[in-house]
Amino acid sequence: MTDAGLYDYIIVGAGTAGCVLANRLTADGRTRVLVLEAGGSDHYHWVAIPVGYLYCIGNPRTDWMMTTAPEPGLNGRSLPYPRGKVLGGCSSVNGMIYMRGQAADYDGWRQMGCTGWGWDDVLPYFRRSEDHHAGASPLHGAGGEWRVERQRLDWEILRAVQEGAKEFGILPRQDFNDGDNEGSGFFEVNQRRGVRWNTARGFLRPAMRRANLRVVTGALVTRIAVEGRRAAGVEWLADNAPFRARAAAEVILAAGAINSPKLLELSGIGAVARLAALGIPVLHDLPGVGENLQDHLQIRTVFKVRGAATLNTLAGSVLGRARIALRYALTRSGPMAMAPSQFGMFTRSGPDRATPDLEYHVQPLSTDRLGDPLHPFPAITVSVCNLRPTSVGSVHATSPRPEVQPDIRPNYLSTAEDRRVAVAAIRQARQIMTARALRPYAPEEWLPGPQVTADDELARKAGDIATTIFHPVGTCRMGSDPGAVVDPALRLNGIEGLRVVDASVMPRIVSGNTASPVVMIAERAADLIRGRL
């Protein structure tokens, strides 16, 4: 095994969190940091072009190519489970939506025993990274590494949906990110002048000019080396050759909500019985590893429309696609610059909800299934997801071999409450599409279909048409209780010199998209690691 040397910190994963950490921990020019990334470079045109997510997801160059186990709540379907395997991680393949969630999410974390993670605590960290198009304000930052812009296109049909939603009390909102996201609006995105702005561009690449940072791609980490009760380093494979590096201060797992718990288990940290069944020697009994998996499931209702431009029709011919490409080449705008979702709404599934528990992603396009060809008729997709699911799953290693994907079981729609919210969400989407403002477009339901009316039929149909919105969190949750995997400083319980810094530490999923909350977690973690808190 080749000895790759001694570093102060070793970061496993150059994804959304790992890139932020690499930048912050090397800023003094002295602290030696090694970053190990299993994927390759993000210098790939489909990473840079916003619509390229369609060609990055399901592409082994940029995606781990995982799938879930068959899900009973989805009527036995297994879902593709995209995870970024590239510099920038999921920020290189995601929908680019800049969203923080609700203030109540973080205040809830604090009430669960995560001291220091309330809204007032985390807002400065959101602002620190931000380079907001509107400039600095008490709520937003300017000059940071994480660029936030308005989208560079407009759709008449989406404006009509916003007008229609007003008829049902969903009012336009200027800012989804002030702590209360109730209302409707056009999503802000992590782009710079029509190009995806991932954490590799924003944080990692500037830091790579520093002599005290080393980034290794194509490095599949096989285990954390533990000596006594302390993480001493990591081992990895590159070009089938084994390597090892030592950490003088800490090993930091930033491999994401799927791979961080998997790597802990491969290293002998997890539930005793589970590790023993895989033939992995137990170093530390920590049953919470891999548990508490939470994700947002989106129900993709589709409505045919008339007399409106949609991507279905614009991209339905060779000439149309050529026009789209030319517009992007000349102006960095138009459909190739768009995020998967342009328009959003946050509202409540019922009057008993204290804050919005539904998020809509309304798209000027439609398919039968995500990744399928666009429909040959003009249509829009009105996706809606339950922001606070009660269904909880797990992710666990299935083999001691690091190349084998873990067992991913989100347990979607496994509770009566989640099925009730799914039915309410479909009914609400249908109601919005009856608005007077939408009548000129004659919306006609395509999915799940107007013939599906009874609650039990709608719940089952939700299982047929719903897909993940790619927000797994919680599998190494933080807390102050004995069942937590990490403490509120993100230190692994029971092993010194080891932290987890990624979406897996969230004790409960946030009420919105998850990329920017992960950037915030990494920002705060950097201060914790450097002893500034």
Within-4.5 Å side-chain heavy-atom neighbours: Arg193 and Arg332 | no
Taking atom types as modelled and ignoring hydrogens, do the side chains of Glu417 and Thr390 form a donor-acceptor contact shorter than 3.5 angstrom?
-> no
Residues at least two apart in sequence or cross-chain that pass side chain to side chain contact (heavy atoms under 4.5 Å, CB included) with Arg110, listed by chain then number, are Asp107, Asp121
Below 4.5 Å, heavy atoms only, C-beta onward: do Tyr44 and Ser92 meet side chain to side chain?
-> no
In chain order, what residues pass the ring-ring contact (aromatic ring centres under 6.0 Å, His included) check against Trp446, with sequence neighbours excluded?
-> His375, Phe377
Please name all residues satisfying ring-ring contact (aromatic ring centres under 6.0 Å, His included) with Trp155, sequence neighbours left out, ordered by chain then number.
-> none
Backbone N or O of Ser366 within a donor-acceptor pair of the Asn312 side chain at under 3.5 Å?
-> yes
For Phe343, what residues pass the ring-ring contact (aromatic ring centres under 6.0 Å, His included) criterion, not counting sequence neighbours?
-> Phe186
In chain order, what residues pass the ring-ring contact (aromatic ring centres under 6.0 Å, His included) check against Phe346, with sequence neighbours excluded?
-> Phe176
Look at the rings of His296 and His471 and say which category their plane angle falls in: under 30° parallel, 30 to 60° tilted, over 60° perpendicular.
-> perpendicular
Write out all pairs satisfying side chain to side chain donor-acceptor pair (under 3.5 Å) with one or both partners inside residues 63-79, taking only residues at least two apart or from two chains.
-> Asn75-Arg460, Asn75-Asp464
Would you name the heavy atoms of Ser349 and Ala424 that are closest together and state the gap between them?
-> O-CB, 4.0 Å
